[in-house]
Number of protein chains: 2
Amino acid sequence: MKNSVNRELPDAIMKDLDYKPFESVDFGQPEIQRHAPKVRATTGTDKVVDSLEKVVTENLEDGMTISFHHHFREGDYVFNMVMCIIIDHGYKNLTLAPSSLTNTMNDIVIEAIEKGVVTNITSSGMRGTLGDAVSHGALENPVIFRSHGGRARAIESGEINIDIAFLGVPNADEMGNANGMNGETAFGSLGYALMDARYADKVVLITDNLVEYPNTPASIEQTQVDYVVKVDKVGDPDKIGSGATRFTKDPKELKIAKTVNDVIVNSPYFKDGFSFQTGSGGAALAVTRFLRQSMIDNGITASFALGGITKPTIDLLEEGLVKRVMDVQDFDKGAAHSMKLNPAQQEISATWYADPANKGAMVDKLDVVILSALEIDTDFNVNVMTGSDGVIRGAVGGHQDAATAKLTIISAPLVRGRIATIVPAVTTNVTPGASVDVLVTEAGIAINPNRKDLLETLKSVPGVPVYTIDELQQMAEKKVGKPEPLEFTDRTVAMVEYRDGTIIDTINEVKD
Amino acid sequence: MKNSVNRELPDAIMKDLDYKPFESVDFGQPEIQRHAPKVRATTGTDKVVDSLEKVVTENLEDGMTISFHHHFREGDYVFNMVMCIIIDHGYKNLTLAPSSLTNTMNDIVIEAIEKGVVTNITSSGMRGTLGDAVSHGALENPVIFRSHGGRARAIESGEINIDIAFLGVPNADEMGNANGMNGETAFGSLGYALMDARYADKVVLITDNLVEYPNTPASIEQTQVDYVVKVDKVGDPDKIGSGATRFTKDPKELKIAKTVNDVIVNSPYFKDGFSFQTGSGGAALAVTRFLRQSMIDNGITASFALGGITKPTIDLLEEGLVKRVMDVQDFDKGAAHSMKLNPAQQEISATWYADPANKGAMVDKLDVVILSALEIDTDFNVNVMTGSDGVIRGAVGGHQDAATAKLTIISAPLVRGRIATIVPAVTTNVTPGASVDVLVTEAGIAINPNRKDLLETLKSVPGVPVYTIDELQQMAEKKVGKPEPLEFTDRTVAMVEYRDGTIIDTINEVKD
């Protein structure tokens with residue numbers, strides 16, 4: 001079968017997994033029966049245990065679904081700690097359902113796959129050796145890639161039914177009250193992990209910092225926690241967030257950032273009380289810097305900044321240019337450490353951030369978002385999942401979710417090295433063109449033809465040439481030529497869910 | 001059938017309502033499948049509506065369960081506003097499931113009962129004309145009385161399945177982010193209402209204070225809210241909490257308060273890091289005052305104070321004598337207004353406060369609690385529900401829940417006017433004697449015989465004579481004589497649940 005973005009989907013798998021093809025970015029207003037956990041009541045007198053191994057062996061069974069969060073990012077020790085025990089005990093057929101997988105987890109996941117310990121994975125993304133292994137057919141069943149909002153939706157609906165959540169925290173008391181704000185390995189918002197704490201049947205906190213009872217604020221509450229395991233170290237503080245927040249000095253990136261800002265400032269959304277999500281990375285920080293100056297120059301303040309948060313966004317909050325920071329994840333130490341100091345930096349869960357199946361998420365109120373792309377095609381579809389070699393090396397993240405903003409800007413260079421960013425058709429369609437409004441490149445911008453209003457508004461901004469996206473694609477092709485078409489086998493190695501749980505694309509095994 | 005506290009229970013009703021008789025205060029560790037709401041997804045663009053009537057008529061159906069909170073107490077306007085509309089539209093057979101009913105709600109509930117609009121009620125309690133009407137058989141089906149923790153448990157298990165929650169709030173934004181801390185009608189903690197917001201299929205916020213989006217902190221989150229209705233006034237600020245916090249000058253009350261403090265101070269629980277719940281009322285405030293001095297004198301600080309919170313408890317927090325205030329409800333303006341200023345005053349939900357069916361509630365960590373009694377009998381069973389005339393005039397509140405503390409003290413005078421407080425058998429058994437440790441009266445104390453350890457510890461405290469509870473009962477009887485036995489009909493008008501959902505007692509129609 002084909003879906004509405006013209007992707008051929010494997011009938012057998014679609015039927016097996018009870019999937020529907022992607023149709024529309026409009027979620028509608030369905031009535032949904034929520035899932036709820038099975039809870040073992042306790043007064044909590046013996047929650048604190050020394051042995052992670054004991055918790056695993058007394059609770060885990062073959063075939064279960066286990067989850068983790070990725071808030072420690074490349075500084076995570078918890079994932080490996082738990083997975084080592086699981087592999088050593090020879091468990092089989094587990095489903096791995098973390099909020100995402102970082103590179104530091106790759107080796108152990110590959111080992112778990114090879115030994116049949118893990119046979120199913122759902123994640124926001126994967127990179128490096130793991131993405132490579134999966135793209136070469138290492139995993140028995142297709143990976144399910146979900147956006148952050150899509151994961152929240154799937155957990156709430158029971159499509160992801162977590163038996164045991166193993167959640168590393170930088171502090172916890174003996175009953176399991178915990179937050180992400182205090183301690184040596186503080187990472188700020190616990191946004192993604194809040195879903196696991198609410199919906200997993202069993203919740204295991206793992207911490208190196210047992211604090212006095214009662215520990216407040218409690219982002220994770222004692223009512224949700226079965227075990228508190230004390231370990232030596234949950235993470236490497238130096239690798240949790242990027243320490244420095246350096247602005248790009250690359251002239252091309254600066255050009256793009258300036259143009260992104262020109263698009264925002266000249267759009268109808270740039271007015272007092274607007275909201276935005278800029279994301280992380282040097283280019284995003286540059287956008288934040290330009291936007292800051294424009295806000296000052298025009299006397300405009302924002303009602304909220306959303307998303308993964310960086311220090312420069314906190315600076316805007318402290319300057320009074322942004323009234324609230326709605327924070328599902330912190331990308332650097334500055335943002336992580338300010339959460340406990342700034343009441344206006346509100347921790348939000350993944351469902352509040354981006355779930356299409358609740359009664360209104362932050363992304364539903366978002367005016368402007370700047371997103372990246374590995375590829376964008378002439379229908380404005382975006383790929384943030386597979387590289388130019390067809391291999392998995394990315395993550396859906398909040399891409400699909402935030403693209404529902406009123407003004408969705410994709411910021412991308414025409415080419416990267418010898419590879420075109422703008423292509424006739426994306427290798428993997430992650431975010432449908434219907435939700436993308438403007439592409440900004442160093443050469444100029446392209447506006448989605450379904451946004452005639454924006455075309456009218458932006459057609460004569462000084463220094464911002466407007467092209468059709470086909471023209472930009474041609475420019476890119478001129479620079480680097482036509483690539484050889486990629487070759488894949490017939491085997492599906494991953495399904496990419498749209499945030500509503502339909503299938504927007506699949507990823508096949510690469511042919512070497 | 002009889003339950004383990006020797007109360008005769010009506011077999012037919014027990015079977016009809018699928019109830020088990022009360023057995024033990026020990027909840028055990030059952031595994032419980034939680035209930036979850038049915039949610040209508042929305043992006044929230046049209047949540048704000050002017051007409052409460054429209055919300056009611058478009059969503060309410062005969063036979064549904066509706067809920068309210070009682071945080072506005074005697075200053076509540078919301079309950080009457082909603083119920084008027086419901087009565088005017090002639091709805092039938094509704095179940096009323098508020099967190100409790102205050103006197104200001106009595107007239108309209110009686111009208112709703114008389115007109116067949118409301119045929120079932122579950123509440124923490126009722127007083128005045130409503131208690132009188134129900135005790136005289138006004139309601140078709142028996143009222144179900146539940147403790148605050150028991151209500152949380154019943155909501156989580158689906159025994160209370162709320163179709164629509166009507167929740168008044170002192171502030172909300174257009175998406176439904178709300179808290180109890182800001183605005184003219186601020187009442188502090190939204191503790192009880194948090195259950196309704198999480199578990200009701202539809203959540204209607206009613207506010208007189210629509211604030212800028214996004215409103216933080218959000219105790220109730222936009223993801224939970226279907227409608228935000230703007231009205232002129234949600235309550236009378238002067239009647240929400242007792243303004244003044246006057247200490248009692250009654251010598252008998254002061255004597256009891258001092259003795260309560262002597263019991264605490266001489267118990268093994270009075271040590272650094274202990275925890276307590278004192279409750280409200282002039283006598284409770286006097287206990288807090290004595291306790292404060294003892295803490296200073298002995299260099300002892302408390303890890304937390306729990307429960308319905310008053311300003312004197314906040315003073316202890318600000319003095320550093322208490323490290324955390326765990327706050328499910330605020331009894332006065334001082335406590336309500338300090339919540340937004342004191343990060344150590346943590347808002348907790350009813351489940352976190354007292355639910356026996358989660359993974360650990362605050363009451364499970366409670367060392368010392370002081371509770372009141374309308375009657376206490378020679379088996380230490382406590383009645384806080386029916387008066388000496390057998391008429392309903394009280395509330396379970398957190399009584400059963402907090403009585404699970406390590407040291408449960410009932411503070412009560414031997415007699416009130418011509419009525420004995422200590423009786424051979426309570427009229428209505430609300431809190432089983434097995435969970436009560438010490439009775440403190442102005443004449444002396446009695447210690448539950450199953451607490452031989454306490455008897456040993458407290459037997460020689462200067463100025464604190466120890467009696468058996470039979471001796472104290474005799475003293476009371478000597479003062480006021482034996483009352484005529486109460487007369488009831490065979491008709492059951494109310495079931496009193498123990499916090500675990502079994503039936504500890506029933507209340508019958510009074511014979512006039």
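This is a predicted model, so every value here is computed, not measured. So that the names make sense, note that chain A is the first sequence line, chain B the second, and so on, each numbered from 1.
Taking A:R40, A:Q224, A:K47, A:E347 one by one and counting their heavy-atom pairs under 4.5 Å with chain B, the maximum is reached by A:R40. Of the listed residues (B:K38, B:H35, B:M326), the greatest number of heavy-atom pairs within a distance under 4.5 Å of chain A belongs to B:K38. Between chain A and the options B:S349, B:P30, B:G28, B:S303, heavy-atom pairs under 4.5 Å are most frequent for B:P30. When each of A:T351, A:T45, A:D226 is checked for heavy-atom pairs under 4.5 Å with chain B, A:D226 comes out on top.
Scanning for side chain to side chain donor-acceptor pair (under 3.5 Å) contacts around A:D26 gives an empty result, with sequence neighbours left out.
Residue B:Q29 touches chain A through both its backbone and its side chain, counting heavy-atom pairs closer than 4.5 Å. Interface remark: A:P217 contributes backbone and side-chain atoms alike to the contact with chain B (heavy atom separation under 4.5 Å). Both the backbone and the side chain of B:Q222 come within less than 4.5 Å of a heavy atom of chain A. Neither the backbone nor the side chain of A:Q345 comes within contact range of chain B, judged by heavy atoms closer than 4.5 Å. Contacts of B:Q33 with chain A are made by both backbone and side-chain atoms, with heavy-atom separations under 4.5 Å. Heavy atoms of B:P214 lying under 4.5 Å from chain A belong to its backbone as well as its side chain. At a 4.5 Å heavy-atom cutoff, the contact between B:V39 and chain A is made by backbone and side-chain atoms alike. When heavy atoms are compared at a cutoff of 4.5 Å, B:Y213 approaches chain A by way of both its backbone and its side chain. In this structure, chain A has no heavy atom under 4.5 Å from any part of B:E156.
Of all residues spanning residues 175-183 of chain A, those with a heavy atom less than 4.5 Å away from chain B's heavy atoms are A:M175, A:N177, arranged by number. Close approach to chain A, defined as a heavy atom under 4.5 Å from one of its heavy atoms, is seen in B:P356, B:A357, B:N358, B:K359, B:G360, B:A361, B:M362, B:D364, B:K365 of residues 353-366 of chain B, taken by number. Contacts with chain B (heavy atom to heavy atom, under 4.5 Å) involve these residues of residues 193-201 of chain A, listed by number: A:R198, A:A200, A:D201.
Here the shortest heavy-atom pairing between A:T216 and B:P343 reads OG1-O, 4.2 Å.
Put simply, OG1 on B:T223 and CD1 on A:I348 are 10.0 Å apart, with the number rounded to the nearest 0.5 Å.
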